[in-house]
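Here the structure is laid out as structure tokens; the discussion comes afterwards.
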Amino acid sequence: MTTNEEAHRIAREKGVSGPLYRIVKLLAGLVFRVLCGFTATGKENVPKEGPVVIVPNHKSFWDPFFVAIVLRRPVHFMGKAEHFDGPMAPIFLRLGAFPVRRGESDAEALETSRAILRRGDALALFPEGTRVREEGLGVPKRGAARLAIEAGAPIVPATITGTEKRRWPLPRRVRLVFGTPVPVEGLQATPEDAAAAINEAWPQVTEEYARWRERPGAVAATAAALGLGALIVRRRRRH
């Protein structure tokens, strides 16, 4: 059994296992694209090297997987500490996950996040803090932005839609959009500057999420209009 201290040591000192990460990413990518109708855009907005903090919305356990499989560089995530109590802990750690104790200020998880960014890696943090199961999105917290400012890492907003809909055992018609990076140069790691940074990034997520949520209605309206147009044409031909 991997202790919390050991898990953080591995995450800070070793990071992902290159071969294992590539194999899992390849297999997961094939499965998700075929079974989930998964597509992603805006990947060019994620820097190819250097520290970066990606801030997606969070609807499902599957969200981290969708973010990770589309980027060429490895991505690290926080996962609730309970996931690291069993035999899968070493695999989770070598795939870029590390534990966080939810509901409290976890100094170990924060220090691991800083270590990941210091070595120039990518870190994805969900600003809502937990999965938002109800309609819409949650209110973002400042922690992700503060870590980004400390590390001088740009903040890249990411919008995930479709993972709130389940077709057992996977979501369906999942879309991922990486937004325009928010630079942090000139900002201080204060509550005020962190709030300003996340408040610049998060509207990209909320607007994109609302746009995709409205698409089914728009598609239905278009289909209805086309059907009405066809009906009118047929009636005119009869007369």
Side-chain angles (χ1 to χ4, degrees), residues 2-18 21 45-58 63-65 67-68 71-85 89-130 138-158 178-179 181-202 205:
T2 305
T3 66
N4 187 68
E5 292 75 14
E6 178 70 6
H8 284 291
R9 186 191 67 78
I10 293 171
R12 294 170 191 173
E13 298 178 3
K14 296 183 179 180
V16 303
S17 167
Y21 191 91
N45 290 328
V46 181
K48 293 181 174 58
E49 58 184 21
V52 60
V53 175
I54 302 168
V55 288
N57 60 292
H58 198 15
D63 293 335
F65 297 93
V67 174
L71 299 177
R72 295 180 67 89
R73 61 185 303 184
V75 182
H76 298 263
F77 294 87
M78 288 185 184
K80 62 181 181 179
E82 293 82 355
H83 290 327
F84 296 83
D85 289 339
I91 295 177
F92 291 151
L93 288 164
R94 300 317 306 274
L95 290 177
F98 60 96
V100 59
R101 292 190 175 101
R102 298 193 304 176
E104 60 182 275
S105 180
D106 190 336
E108 289 285 348
L110 292 175
E111 185 51 39
T112 298
S113 299
R114 294 185 181 103
I116 289 168
L117 293 172
R118 277 197 299 268
R119 68 174 182 242
D121 284 348
L123 176 66
L125 297 171
F126 297 105
E128 296 158 297
T130 187
V139 177
K141 298 177 174 60
R142 298 175 299 213
R146 188 163 187 167
L147 287 168
I149 293 170
E150 289 177 356
I155 303 170
V156 178
F178 293 100
V182 174
V184 298
E185 289 83 359
L187 299 181
Q188 301 296 318
T190 62
E192 295 75 18
D193 280 3
I198 197 65
N199 288 338
E200 185 176 348
W202 196 247
V205 178

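For the single chain, residues carry numbers from 1 onward in sequence order.
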Between [X] and [Y], what is the shortest heavy-atom contact and its length?
X      : Y      : value
Ala158 : Ile54  : CB-CG2, 4.0 Å
Ala124 : Val75  : CB-CG1, 3.7 Å
Pro56  : Phe126 : O-CD2, 3.4 Å
Ala153 : Val184 : O-CG2, 3.5 Å
Ile116 : Ala122 : CG2-O, 4.1 Å
Leu93  : Ile10  : CD1-CD1, 4.0 Å

Tell me which one of Lys80, His58, Arg102 satisfies side chain to side chain donor-acceptor pair (under 3.5 Å) with Thr130. Arg102
Does the side chain of [X] reach to within under 4.5 Å of the side chain of [Y], using non-hydrogen atoms?
X      : Y      : answer
Val156 : Pro47  : yes
His8   : Pro99  : yes
Pro74  : Asp121 : no
Trp202 : Ile155 : no
Met78  : Asp106 : no
Leu123 : Phe98  : yes
Arg101 : Asn4   : yes

Please round to the nearest 0.5 Å and tell me the distance separating atom OG1 of Thr112 and atom CG of Leu117. 11.0 Å
Atom NZ of Lys48 and atom CZ of Arg73: how far apart are they, to the nearest 0.5 Å? 10.0 Å
Under 6.0 Å from the CD atom of Gln188, do we count more than 12 heavy atoms belonging to anything else shown? no
Option from Val67, Val100, Leu125 for which side-chain contact (heavy atoms from CB on, under 4.5 Å) with Phe77 holds: Val67
Would you find a donor on one side and an acceptor on the other, under 3.5 Å apart, between the side chain of Asn45 and the backbone of Gly179? yes
Please check this pair: side chain of Arg119 against backbone of Arg12, looking for a donor-acceptor N/O pair closer than 3.5 Å. yes
Just distance, no hydrogens or angles: give the donor-acceptor pairs under 3.5 Å from side chains in residues 139-151, sequence neighbours left out.
residue : atom : partner : partner atom : Å
Lys141  : NZ   : Glu128  : O            : 3.3
Arg146  : NE   : Ala189  : O            : 3.1
Arg146  : NH2  : Ala189  : O            : 3.2
Glu150  : OE1  : Arg114  : NE           : 2.8

Apply side-chain contact (heavy atoms from CB on, under 4.5 Å) to the pair Val55 and Val182, showing each step before the final yes or no. CA-CA 11 Å; Val55 288; Val182 174; over 6 Å; no
Would you please name every residue forming a salt bridge (Lys or Arg N to Asp or Glu O under 4.0 Å) with Glu13, sequence neighbours left out? Arg9
